[in-house]
A.B. asks: 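The structure that follows is given in the form of structure tokens.
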There are 2 protein chains.
Amino acid sequence: MLREKLNEFYSVVFEKELIDEIIEVGKYKIIKENELLLDIGNNFQLIPLMLTGAIKISRETKKGDEIVLYFLERGDTCTISFANCLKNSKSKVRGVAEKESEVIFVPVSKLEEWMVKYKSWRGFVIESYNIRLNEMLDAIDTLAFMKMDERILKYLSDKVKIMRNPTLNTTHQEIAIDLNTSRVVISRLLKQLENEGKIKLFRNKIEVIDF
Amino acid sequence: MLREKLNEFYSVVFEKELIDEIIEVGKYKIIKENELLLDIGNNFQLIPLMLTGAIKISRETKKGDEIVLYFLERGDTCTISFANCLKNSKSKVRGVAEKESEVIFVPVSKLEEWMVKYKSWRGFVIESYNIRLNEMLDAIDTLAFMKMDERILKYLSDKVKIMRNPTLNTTHQEIAIDLNTSRVVISRLLKQLENEGKIKLFRNKIEVIDF
DNA sequence: TTAATTATATAACAATTGTTACACTAATAT
DNA sequence: ATATTAGTGTAACAATTGTTATATAATTAA
């Protein structure tokens, strides 16, 4: 069963021997909605490989300022946690399940070992880093070049895609936290977006049109 | 001579055999001040290893909006160009020499080959990615949580460190471009920072106090 | 030497975002 | 059933950032 899930979701197809090893040493776990995958300051010694679901990765400063970086979905891994694992340092990001997610955890010792043995693993590690760097570039573009109304719309669209559902169960307050602004600002601009016909607002619910 | 420079500057000490290979296939080049190392859209097939100098890495959108991401210095490589090299895709960032810089260019084919052969190269690649991800996180923090006056001061401090000189030769216009704002805003806030005793302003020159 | 260009300073105003306050409704708890 | 809490709407105002315009000094070109 685990084998099927691995074969199904990992686009860079691993060699059969590598799949065997992953199944042998990996720990399968279900992360419930709103459960923490990893928190800031954690000392994480396992590399997560996502099978299903969605994880929200965010950044928080000591002062409590917070901002969402990107979402992880099936086939993704959290390259940022490579660093923590390898250097035994503390996580600089937080990961919370947006919905129930299936994850395989692999001991960090395998990262290096498999790099020598498996070409597909080398490809996976490099590709994962590249995807993550591009996500970060995307986050930087958003912060540097977009106004708040555009940022909100992008946030909603991204979330609709990752949740595979045009109707989001969320509150204005949650969006405000994720975009590091205030609830009033979000309410104001959401209403404006509704007037422009881009979304529909309900209590605890937002429907995104033409995402 | 190349051997000495390599040994001197690369903190992750490469095995002797790897140094030999780098010297054999690498191309040594001097990049003059303001010269382009790589531009957006370029099809780059060489991995740059920095020996001396400083490269400013920035991002530009189609609309012409621009922003500085970070600076490269000795011991650094441009992991973002790994992606372009490997996937033969176009560069998403620009690199311009802030001062004359010495670089060794290595063919991308070696990236994979050396990962199998040399433990120190695997370490270097992973470490480079991690450094870059942290730089990106830093850039995100700056954009998401800092006001423009703080961003200016951080920009100046970073540049002072990379240039190893408390007096910067730069104009308000250049800073405005690097921070994606207008010259008037920069002049206004620089004057404020001068009044606070944090910098001293001259024509084409800014001295940073207590960086 | 004079004219043109470049760099800087600053005022006045516009647009965007942030803050405080309060009203109203829906959901939940007692 | 009533009280409490949570979510939303909106006005009024403050702070920050962006824009336009104009002045002046330093540098460079003719």
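Just so you know, these numbers use all the heavy atoms, side chains as well, and skip hydrogens, waters and symmetry mates. Convention: sequence-line order gives letters A, B, ...; per-chain numbering from 1.
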A.B. asks: How sharply is the helix from C/dT1-D/dA30 to C/dT30-D/dA1 bent, taking the axes over five pairs at either end and rounding to 10 degrees?
C.D. replies: 30°

A.B. asks: Would you say the side-chain atoms of B/R183 and B/S187 include a donor-acceptor pair closer than 3.5 Å?
C.D. replies: yes

A.B. asks: Taking only residues two or more places apart in sequence, or in another chain, which ones meet A/V185 in a side chain to side chain contact (heavy atoms under 4.5 Å, CB included)?
C.D. replies: A/M148, A/T181, A/S182, A/R188, A/L189

A.B. asks: I'd like to check the ring-ring contact (aromatic ring centres under 6.0 Å, His included) partners of A/F124; sequence neighbours left out, ordered by chain and number.
C.D. replies: A/Y10, A/F14, A/W121

A.B. asks: Return the set of residues passing side chain to side chain donor-acceptor pair (under 3.5 Å) with B/D138 (not counting sequence neighbours), or none when no residue passes.
C.D. replies: B/K154

A.B. asks: Could you list the residues that satisfy side chain to side chain donor-acceptor pair (under 3.5 Å) with B/R3, not counting sequence neighbours?
C.D. replies: B/D20

A.B. asks: Tell me, please, which residues at least two apart from A/E207 pass side chain to side chain donor-acceptor pair (under 3.5 Å).
C.D. replies: none

A.B. asks: Which residues, if any, of residues 141-149 of chain B bring a heavy atom under 4.0 Å of DNA chain D?
C.D. replies: B/K147, B/M148

A.B. asks: Pairs under 3.5 angstrom, nitrogen or oxygen only, protein versus nucleotides 7-12 of chain D, please.
C.D. replies:
{"unit_1": "D/dG7", "atom_1": "O4'", "unit_2": "A/R203", "atom_2": "NH2", "d": "3.3"}
{"unit_1": "D/dT8", "atom_1": "OP1", "unit_2": "A/N204", "atom_2": "N", "d": "3.0"}
{"unit_1": "D/dT8", "atom_1": "OP2", "unit_2": "A/H172", "atom_2": "N", "d": "2.8"}
{"unit_1": "D/dG9", "atom_1": "OP1", "unit_2": "A/K191", "atom_2": "NZ", "d": "3.1"}
{"unit_1": "D/dG9", "atom_1": "N7", "unit_2": "A/R183", "atom_2": "NH1", "d": "3.0"}
{"unit_1": "D/dG9", "atom_1": "O6", "unit_2": "A/R183", "atom_2": "NH2", "d": "2.8"}

A.B. asks: Got a sec, which residues hit side chain to side chain donor-acceptor pair (under 3.5 Å) with A/K198, two or more places apart in sequence or on another chain?
C.D. replies: A/E196

A.B. asks: Between the main-chain N or O of B/T79 and the side-chain N or O of B/T77, is there a donor-acceptor pair closer than 3.5 Å?
C.D. replies: no

A.B. asks: Which pairs count as side chain to side chain donor-acceptor pair (under 3.5 Å) when at least one residue sits in residues 61-75 of chain B, sequence neighbours excluded?
C.D. replies: B/E73-B/R164

A.B. asks: Hey, are A/E174 and A/K159 close enough for a salt bridge, meaning a charged N less than 4.0 Å from a carboxylate O?
C.D. replies: yes

A.B. asks: Could you give the start and end, 5' to 3', of the contact zone on DNA chain C for chain A, using atoms under 4.0 Å from its heavy atoms?
C.D. replies: C/dT16 to C/dA27

A.B. asks: Determine, stepwise, if the pair B/E127 / B/Y129 fulfils side-chain contact (heavy atoms from CB on, under 4.5 Å).
C.D. replies: CA-CA 5 Å; B/E127 177 70 7; B/Y129 270 119; over 6 Å; no

A.B. asks: Show me the side-chain donor-acceptor pairs of residues 47-59 of chain B shorter than 3.5 Å, one per line, residues at least two apart or across chains.
C.D. replies:
{"unit_1": "B/T52", "atom_1": "OG1", "unit_2": "B/E102", "atom_2": "N", "d": "3.3"}
{"unit_1": "B/T52", "atom_1": "OG1", "unit_2": "B/E102", "atom_2": "OE1", "d": "2.8"}
{"unit_1": "B/K56", "atom_1": "NZ", "unit_2": "B/E98", "atom_2": "OE2", "d": "3.4"}
{"unit_1": "B/K56", "atom_1": "NZ", "unit_2": "B/D178", "atom_2": "OD1", "d": "3.1"}
{"unit_1": "B/K56", "atom_1": "NZ", "unit_2": "B/D178", "atom_2": "OD2", "d": "2.9"}
{"unit_1": "B/R59", "atom_1": "NE", "unit_2": "A/D141", "atom_2": "OD1", "d": "3.0"}
{"unit_1": "B/R59", "atom_1": "NE", "unit_2": "A/D141", "atom_2": "OD2", "d": "3.2"}
{"unit_1": "B/R59", "atom_1": "NH1", "unit_2": "B/K92", "atom_2": "O", "d": "2.7"}
{"unit_1": "B/R59", "atom_1": "NH2", "unit_2": "A/D141", "atom_2": "OD2", "d": "2.7"}

